[in-house]
Amino acid sequence: MTSSTPLAEDFADLYDEAPCGYVSITPDARIAMVNLTLASWLKCRRDDLLDKPIHEILSFGGRIAFETHIAPMLRLQGEAHELALDLQVGDGEKLPVMATAREKRGPDDKHLFTRLTLFKAAERRSFERSLIEAKIRAEERFSTEHDQLELRDQFIAVLGHDLRNPLAAVEAGARMLERGDTLHSRQTMVIKEMRASLARANTLIDDVLDFAMGRLGTGIQLDYTDKARLKEILQQVVHETESINPEIEIVSRLDSIGPVDCDPDRIGQLVANLLSNAVRYGDRGSPIVVEGATENGDFSLSVVNRGKPIPQDAREKLFQPFERGEPSKNDKGLGLGLFIVNEIALAHGGKVEVESGDEETRFTLRMSVSTQS
Amino acid sequence: MGPDDIRSRNNVTVHGDGHRTLVFAHGFGCDKHMWADVAANFEDDHRVVLFDHVGAGQSDLSAYDSGKYGSLDGYARDLVEIGEALELRDAVVIGHSVSSMIGALASIARPDMFTQIVMVGPSPRYIDDTDYTGGFSRQQIDELLTFLEENHLGWSAAMAPQIMGNSERPELSERLNGSFCSTDPDIAREFAKVTFHSDNRGDLSRVQARTLVLQCQQDIIAPQAVGEYVHANIPNSEYRLLEATGHCPNLSAPEEVTKAIRDFLHPSR
């Protein structure tokens with residue numbers, strides 16, 4: 001034999017010594033032929049396997065799957081791929097394999113044999129088994145956490161709601177005291193501060209309720225019925241903020257606002273949250289500016305204050321829940337305000353932009369005046 | 001649910017023409033294609049109804065409910081609903097494997113609807129019991145269920161779309177052409193559990209319909225002793241041992257099964 005002549009493949013040897021198992025079975029499911037590779041996997045002599053029912057080399061589960069599912073599938077479509085089976089080796093040991101099967105049919109379409117090719121798949125199958133277990137565990141954990149979150153959100157929603165009643169009672173009391181004519185100036189001031197605190201508490205409850213409801217999947221619901229009252233409601237929000245914080249000057253420029261498709265109470269809530277931020281983080285001595293306009297089909301509304309600029313890295317996380325600017329002594333918020341501002345903007349199909357420099361910090365709502373566009 | 005909803009839920013098809021209706025019901029592991037060869041032989045002189053159990057073949061997988069289908073009664077209820085949708089009376093239900101018992105339960109519920117039953121490879125209980133041989137031990141059934149839990153491969157042609165999470169896009173969930181007997185692996189496991197844990201021995205004596213028990217040779221799912229037990233306990237029943245081997249003579253010997261059913265339905269011929 002010269003080196004230039006390629007060796008001819010020996011097909012009988014290829015069958016017997018192939019790196020996979022071959023078995024052919026008769027229509028009544030008996031082993032007609034099996035290669036030596038498979039016989040050695042099964043720790044049997046080939047002669048001992050011939051004419052045995054195929055069931056005897058399958059695990060019990062594989063046997064039932066073969067009889068009820070694989071055999072019918074082969075009859076119907078002639079071949080089947082990627083079948084998971086376990087071979088029964090001796091009494092106890094199981095050998096996981098992947099099988100491909102095809103029916104050999106005669107010229108008259110008569111079923112002669114079913115041929116199966118088997119590949120060892122122990123590692124692959126144990127990997128699949130671990131994937132299935134991981135999936136089940138992940139699903140269980142997700143389901144538990146989901147339940148806990150839901151419970152927590154419901155708890156927050158109920159708590160927020162129930163807090164309103166005692167606050168309303170305190171507020172009614174404060175109003176009654178305010179009407180008394182025997183108060184001296186110190187008492188009047190205390191009552192004003194009490195009412196300011198009550199207003200803040202109510203805003204916090206609104207925010208928390210929105211947050212919990214949003215998490216519950218209802219999202220922010222918009223009501224456009226009173227959209228004509230937008231300017232009036234914005235003025236009211238500005239006045240409330242001023243009356244609560246008499247030491248701060250608020251300049252409002254709202255005359256250029258035309259009709260806007262919006263939920264005016266929600267836009268009011270948005271501005272109230274921005275104003276409360278401006279009061280909290282802005283320079284005490286400088287006025288806060290609220291300005292809005294409708295122009296070329298767009299509506300913009302800004303709240304501007306002077307003060308320390310917001311650092312760039314903080315700016316990126318500003319609209320996430322429970323994020324706050326640098327903590328300060330008078331910091332009373334939960335960090336939900338800007339999150340809700342953003343949610344309200346998104347619900348209107350708009351967005352909130354923030355610019356912050358040495359001169360001023362400016363939050364701007366931008367949205368379309370019409371829901372149609 | 002209206003008749004059309006039921007028909008699409010169970011992928012019901014009606015062929016042929018005749019004053020008597022034959023309803024073919026497939027067993028665990030496959031779908032209505034299992035009956036195609038045999039059913040075609042009856043289309044000339046019968047109305048032939050084929051359907052997929054919910055969870056199998058082209059049935060509406062979204063109609064699957066572990067609670068309802070946690071016992072064979074759920075499947076029997078569907079069969080009665082199919083009968084109502086088609087306004088069946090005096091019909092024949094021909095059930096393979098576990099659907100023999102599903103057919104029996106439907107006939108017990110509506111004796112006027114299904115007056116005759118053909119059972120192919122029936123078993124009222126697969127697990128051995130005192131004074132009863134079902135052919136399986138409880139341990140073997142547990143092993144089968146573990147096998148089905150661990151070995152999803154080879155069961156489902158629709159697996160890929162499910163993994164992609166596109167069950168809300170039906171065009172992606174359509175089965176591949178030429179893919180038979182495919183079923184959701186999780187549903188297959190639950191159906192196996194219901195099937196192999198079932199015990200309907202007590203129902204056999206309540207069957208009023210005229211019944212034919214067709215038994216195969218070398219059937220590892222339903223051995224001969226079980227077929228004989230069914231025959232002995234259904235009052236108005238006949239028993240016939242086929243030449244065919246294995247558990248699916250409707251596929252391996254459709255002509256022999258056809259002849260046996262014809263002999264039973266038309267004894268005078």
Side-chain angles (χ1 to χ4, degrees), chain A residues 25-30 53-56 58-88 92 94 96-101 103 109-111 114 116 119 121 124-133 135-136 139, chain B residues 26-31 33-34 36-37 56 96-98 121 126 136-137 139-157 159 163 176-183 185 188 191-192 195-196 216-222 244-248 250-254:
Chain A
I25 57 179
T26 58
D28 66 347
R30 293 181 176 276
I54 182 77
H55 308 137
E56 291 191 13
L58 295 175
S59 73
F60 181 77
R63 210 176 291 173
I64 303 299
F66 189 87
E67 195 67 17
T68 57
H69 180 62
I70 298 172
M73 191 159 53
L74 281 167
R75 285 274 60 213
L76 288 166
Q77 62 193 30
E79 62 179 30
H81 300 274
E82 290 190 77
L83 307 165
L85 289 171
D86 288 339
L87 298 181
Q88 188 70 53
K94 278 181 203 155
V97 294
M98 294 295 301
T100 290
E103 281 192 2
D109 210 34
K110 188 174 151 53
H111 179 198
T114 300
L116 288 102
F119 298 89
R124 180 191 170 136
R125 294 269 297 286
S126 80
F127 172 64
E128 284 164 3
R129 233 162 268 183
S130 67
L131 281 183
I132 290 171
E133 278 161 24
K135 175 172 167 258
I136 292 168
E139 280 168 357
Chain B
H26 71 84
F28 165 76
C30 199
D31 55 30
H33 290 104
M34 189 110 195
D37 287 351
H96 176 233
S97 195
V98 66
Y126 294 86
F136 299 95
S137 68
Q139 189 194 346
Q140 284 177 312
I141 298 300
D142 289 345
E143 191 194 322
L144 168 67
L145 296 176
T146 308
F147 176 85
L148 292 175
E149 197 165 323
E150 292 179 348
N151 301 288
H152 283 191
L153 293 178
W155 282 88
S156 174
M159 209 147 135
I163 287 167
L176 302 166
N177 282 333
S179 157
F180 298 103
C181 302
S182 64
T183 178
F191 193 16
T195 298
F196 291 102
C216 285
Q217 324 248 357
Q218 297 166 40
D219 183 347
I220 61 159
I221 312 284
T245 56
H247 187 58
C248 304
N250 35 5
L251 282 172
S252 63

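Every chain is numbered from 1 and lettered A, B, ... according to where its sequence line falls, protein lines coming before strand lines. Basis for what follows: all heavy atoms, side chains included, without hydrogens, waters or symmetry-related copies.
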**Prompt:** Under a 4.5 Å heavy-atom cut-off, does chain B meet the side chain of A/Arg63, its backbone, both or neither?
**Reply:**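 For A/Arg63, heavy atoms of backbone and side chain both lie under 4.5 Å from chain B.
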**Prompt:** Does any heavy atom of chain B fall under 4.5 Å from the side chain of A/Ile132, the backbone, both, or neither of them?
**Reply:**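 For A/Ile132, side-chain heavy atoms alone lie under 4.5 Å from chain B.
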**Request:** Heavy-atom pairs under 4.5 Å with chain A are the metric here; pick the option from B/Gln140, B/Glu149, B/Met34 that has the most.
**Result:**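 It is B/Gln140.
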Looking at [atom1] of [X] and [atom2] of [Y], how far apart are the two atoms once the value is rounded to the nearest 0.5 Å?
X        : Y        : atom1 : atom2 : result
B/Cys181 : A/Gln77  : SG    : CD    : 7.0 Å
A/His55  : B/Ile220 : NE2   : CD1   : 4.0 Å
B/Cys30  : A/Arg75  : SG    : CZ    : 12.0 Å
B/Asp219 : A/Glu67  : CG    : CD    : 6.5 Å
B/Phe196 : A/Thr68  : CZ    : OG1   : 6.0 Å
B/Leu251 : A/Met73  : CG    : CE    : 12.0 Å

**Request:** Look at atom CD of B/Gln139 and say whether more than 12 heavy atoms of other residues, nucleotides or ligands are closer to it than 6.0 Å.
**Result:**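 Atom CD in B/Gln139 is not crowded, with 12 or fewer foreign heavy atoms closer than 6.0 Å.
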**Request:** Would you name the heavy atoms of B/Phe136 and A/Ile64 that are closest together and state the gap between them?
**Result:**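 Nearest pair, atom of B/Phe136 first, then A/Ile64: CE2-CD1, 3.6 Å.
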**Request:** Heavy atoms only: give me the nearest A/Ala84-B/Phe147 pair and the separation to one decimal.
**Result:**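 That would be O-CZ, 3.4 Å.
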**Request:** Pick whichever of A/Ala65, A/Ala29, A/Ala99, A/Gly62 has the most heavy-atom pairs under 4.5 Å with chain B.
**Result:**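 If we count pairs closer than 4.5 Å to chain B, A/Gly62 comes out on top.
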**Item:** Best-contacting candidate, A/Gly78, A/Pro96, A/Ser59, against chain B by heavy atom pairs under 4.5 angstrom
**Value:**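 So the answer, after comparing A/Gly78, A/Pro96, A/Ser59, is A/Ser59.
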**Asked** Under a 4.5 Å heavy-atom cut-off, does chain A meet the side chain of B/Gln218, its backbone, both or neither?
**Response**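 It is the side chain, since no backbone atom gets that close.
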